[in-house]
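Structure first, then comments.
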Amino acid sequence: MSALAWPLGLFAVLLLVPALVLFVQVVLAWLPARRLVALAGRRPPLAVLMPAHNEAAVIAGTLASIVPQLQAGDRLLVVADNCDDDTARIARDAGAEVIERQNAQQRGKGYALDFGVRHLESAPPDVVIIVDADCRIGPEAIDWLTRISHQSERPVQALYLMGTVGNAGFRQQFAEFAWRVKNWVRPLGYHRLGLPCQLMGTGMAFPWVSIRDAKLANANIVEDMKLGVDLAVSGKPALFCPEAHVSSTFPETASAEQSQRTRWEHGHLEVILKEFPRLFGRGMLRGDIRAMALALDLAVPPLALLVLSLSGMCATTGVVASIGGGMFPLLVAGLAMALVGVAVFLAWLGWGRAVISLSTLLSVPFYVLAKIPLYIRFWTRRQKEWVRTERD
């Protein structure tokens, strides 16, 4: 093997790891359901905490999906954060308890959540459920999340899906499919083995002591992923509850969708770089299989970036092999690409046919190529600050 082939072989092996994790998760998702069993009897007291920044256009519908699920003694707290619209008034009219926060220097969801948690300290509930103001909560989701979190004494994540509005183009269809793979298929696969999942930002339930002690007051652009890692390091990784459904829609305008996608993917990549070593290392030191499994899940990059990286690796190792540099890197890269291809097909077969046709899915190279500027900007002009996604 040539001197050039050695580093290529190492990079190929590094790419094989997330490809293998993705493949295993998708295959496991096909196993028979492992249903969480909720306790019967009276539900423990809960508080639904909703951060909201200029959400007058959507918050009424979200509150309407929550209020019927509440019982006597439950609280619905809306934090109207740096709002200059009718968010607070609409929330009060819908029956929510509303507190208002104004701080131009400390902007972002994390600060709003911390403000809400501090407000709840005077009469703490047993469980806090965080819901974004632009979501719809499925029937019985509040009950499932509360009971499972209280029973397990761990955070619990609902199944959170996003859909497109109207006649979506192939890019929007592929984005919806990729979201299903990330938020449904992969955590479902881990769930089959009783392994934890990442937090997804909304539809999250926490025992009071966990959320009370969490470091929320920050402007991290993917505060949910960071919180999930922190809780896993402390020995409390999140459980996945597919019985509880939360839904939302992608932004309708291309500029808003691009802003949202940049925030998510840049934040995800930064969390991989900063948090994977900490989480995996802590799992190794403690012999904690759950922490190591969650770290490996965290290490799987966005699907488009994984496909793009493997395509580049296959092309490069193919050239090196053709000039006598050795076949090992090419074989490893080819194996990783094959695993991803099979995983994507199986995920589409089981969970994607409702949102994207097979012929459209085969146009994935165009979608992947269109994402190249986003990934270049991660290294040149990385988004580091929270920016609200604009909505119509």
Side-chain angles (χ1 to χ4, degrees), residues 36-39 43-51 66 70 73-77 79 108-132 135 137 141-160 183 187 190-191 194-220 222-244 246 271 275 278-279 282-283 286 288-295 297-298:
L36 291 173
V37 179
L39 291 176
R43 189 174 73 193
L46 67 94
V48 177
L49 174 58
M50 183 180 298
I66 296 173
L70 301 180
D74 294 340
R75 297 174 69 180
L76 175 54
L77 176 64
V79 180
K109 181 178 175 181
Y111 293 111
L113 289 175
D114 182 73
F115 191 71
V117 170
R118 302 287 79 82
H119 180 79
L120 292 172
E121 281 183 324
S122 60
D126 287 359
V127 174
V128 175
I129 300 176
I130 294 175
V131 177
D132 282 351
C135 297
I137 310 303
I142 298 296
D143 195 68
W144 273 106
L145 292 171
T146 303
R147 292 181 185 275
I148 296 299
S149 182
H150 186 260
Q151 174 187 1
S152 64
E153 298 182 339
R154 287 170 57 183
V156 179
Q157 173 63 58
L159 168 59
Y160 172 39
N183 277 24
Y190 262 14
H191 177 66
L195 294 174
C197 69
Q198 307 291 339
L199 292 177
M200 303 172 191
T202 187
M204 307 179 295
F206 303 88
W208 169 250
V209 66
S210 294
I211 198 66
R212 180 198 64 192
D213 297 336
K215 297 178 180 179
L216 299 171
N218 61 74
N220 195 301
V222 282
E223 74 292 323
D224 50 325
M225 296 184 72
K226 178 64 167 61
L227 177 58
V229 170
D230 290 342
L231 291 171
V233 168
S234 70
K236 298 290 185 179
L239 289 167
F240 184 52
C241 181
E243 291 82 2
V246 179
V271 169
E275 302 297 339
R278 178 169 74 109
L279 183 56
R282 187 63 60 91
R286 294 179 176 176
D288 187 345
I289 298 298
R290 297 181 306 179
M292 288 187 285
L294 193 64
D297 177 68
L298 181 68

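Note that the coordinates shown come from a computational prediction; the quantities given were computed from them, not determined experimentally.
- Under the 4.5 Å side-chain criterion, counting only non-hydrogen atoms from C-beta, Met200 is not in contact with Val246.
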TODO: Show the numbers, then the answer: is there a side chain to side chain contact (heavy atoms under 4.5 Å, CB included) between Trp208 and Leu46?
DONE: CA-CA 9 Å; Trp208 169 250; Leu46 67 94; over 6 Å; no
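- Taking CG from Asp288 and CG from Leu279, the interatomic distance works out to 8.5 Å, rounded to the nearest 0.5 Å.
- Within the 4.5 Å cutoff, the side chain of Pro187 has no heavy atoms near those of the Gln157 side chain.
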Open item on the list: Leu195 vs Phe240, test: side chain to side chain contact (heavy atoms under 4.5 Å, CB included). Steps then yes/no.
Closed with: CA-CA 9 Å; Leu195 294 174; Phe240 184 52; over 6 Å; no
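- Put simply, CG on Asp213 and NZ on Lys236 are 12.0 Å apart, with the number rounded to the nearest 0.5 Å.
- The distance from the CG atom of Asp114 to the NE2 atom of His119 is 13.5 Å, given to the nearest 0.5 Å.
- In this structure, Arg154 contributes its side chain and Pro237 its backbone to a donor-acceptor pair below 3.5 Å.
- In this structure, Leu77 CG and Ile130 CD1 are separated by 11.0 Å, a value rounded to the nearest 0.5 Å.
- Counting heavy atoms from C-beta outward, Leu227 and Phe206 have side chains that approach closer than 4.5 Å.
- We find the CG-CZ distance between Leu298 and Arg278 to be 10.5 Å, quoted to the nearest 0.5 Å.
- Between Thr202 and Asp224 there is no side-chain heavy-atom pair separated by less than 4.5 Å.
- Of all non-hydrogen atoms in Gly235 and Arg290, the two that sit nearest each other are O-NH2, 3.4 Å.
- Between Leu49 and Val79 the shortest side-chain heavy-atom distance falls below 4.5 Å.
- Under the 4.5 Å side-chain criterion, counting only non-hydrogen atoms from C-beta, Cys197 is not in contact with Asp297.
- Without hydrogens or angle criteria, Thr146 side chain to Ile142 main chain gives a donor-acceptor distance under 3.5 Å.
- Although no hydrogens or angles enter the test, the distance criterion places a donor-acceptor pair under 3.5 Å between the side chain of Arg286 and the main chain of Val233.
- Between Asp126 and Arg43, no side-chain nitrogen of the basic residue sits less than 4.0 Å from a carboxylate oxygen of the acidic one, so the salt-bridge criterion is not met.
- Distance check, rounded to the nearest 0.5 Å: NZ of Lys109 to CG of Asp132 gives 3.5 Å.
- Nearest heavy-atom pair, Pro155 versus Pro207, reported as atom, atom and distance to 0.1 Å: N-CD, 3.9 Å.
- The local environment of CD in Glu121 is crowded, with over 12 non-hydrogen atoms from other residues, nucleotides or ligands closer than 6.0 Å.
- Between Tyr190 and Pro196, the closest heavy-atom pair is CD2-O, 3.2 Å.
- The two residues Leu199 and Ala238 come nearest to each other via the heavy atoms CD2-CB, 3.6 Å.
- At distances below 3.5 Å, not a single donor-acceptor pair connects side-chain atoms of Glu243 with backbone N or O atoms of Leu145.
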